[in-house]
Amino acid sequence: MEFKNYEEFWPFYLSQHSKRATRIWHFIGTSFVFIFLITALVTGNAWWILAAPIVAYSFAWISHFFIEGNKPATFGHPFWSLRADFRMYWLMLLGKLEKELE
């Protein structure tokens with residue numbers, strides 16, 4: 001699908017995460033990104049930075065293939081998808097995602 005801008009993409013992104021379990025798996029994967037970045041800073045070991053997207057995308061893609069039953073939005077729109085993932089993460093963390101889904 002083609003989108004003119006990110007704000008047009010955002011509702012599509014949410015529609016691709018319609019199941020709560022998919023969103024939870026995304027939340028866990030994105031949480032690992034922050035954990036790995038902090039670990040890299042504390043240990044000085046850059047391998048943690050390289051592992052962060054691998055682990056995060058593993059959680060996300062598994063949820064799309066086996067829970068949601070669709071193709072990850074990352075495949076068609078990688079940068080908007082990454083931005084939307086962090087937006088979804090923060091909305092979940094702040095308890096505001098349900099309102100956004102309405």
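Both backbone and side-chain heavy atoms feed into the values below; hydrogens, waters and symmetry mates do not. Computed from a predicted model, the values in this text were never measured in an experiment.
- Residues I54 and V33 do not share a hydrophobic cluster, clusters being chains of Ile/Leu/Val/Met/Phe/Trp/Tyr side chains in contact below 4.5 Å.
- In this structure, OG1 on T74 lies 6.5 Å from NE2 on H64, to the nearest 0.5 angstrom.
- Residues forming a side-chain contact (heavy atoms from CB on, under 4.5 Å) with R87 (at least two apart in sequence, or on another chain): Y6, E7, W10, L91, E100.
- Between F3 and F9, the two ring planes are perpendicular [angle over 60°; tilted spans 30° to 60°].
- Residues R23 and L14 have side chains not in contact (no heavy-atom distance under 4.5 Å, counting atoms from C-beta outward).
- Residues passing the salt bridge (charged side-chain N to carboxylate O under 4.0 Å, His left out) test with E102, sequence neighbours excluded: none.
- Between Y13 atom OH and D85 atom CG the span is 4.0 Å, to the nearest 0.5 Å.
- For I67, the side-chain contact (heavy atoms from CB on, under 4.5 Å) partners are K19, A21, T22, W25, S63, not counting sequence neighbours.
- The side-chain heavy atoms of V42 and I38, taken from C-beta on, include a pair separated by under 4.5 Å.
- Using a 4.5 Å heavy-atom cutoff, the side chains of R83 and F79 are not in contact.
- F36 and W48 have perpendicular rings, their planes meeting at more than 60° on a 0 to 90° scale where under 30° would count as parallel.
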Would Y89 and F34 satisfy ring-ring contact (aromatic ring centres under 6.0 Å, His included), going step by step from the backbone distance to the final call?
-> CA-CA 11 Å; Y89 180 87; F34 296 113; 5.4 Å; yes
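- Within the 6.0 Å centre-distance limit, the rings of W61 and F75 are counted as a close aromatic pair.
- Separating the NE2 atom in H77 from the CD atom in Q16 is a distance of 10.0 Å, to the nearest 0.5 Å.
- Between the side chain of S81 and the backbone N or O of P78 there is no donor-acceptor pair closer than 3.5 Å.
- Counted within 6.0 Å of CZ on F66, heavy atoms from surrounding residues, nucleotides or ligands total 12 or fewer; the atom is thus considered open.
- Rounding to the nearest 0.5 Å gives a distance of 10.0 Å between OH of Y57 and NE2 of H26.
- Checking side-chain atoms of N45 against main-chain N and O of A40 turns up no donor-acceptor pair under 3.5 Å.
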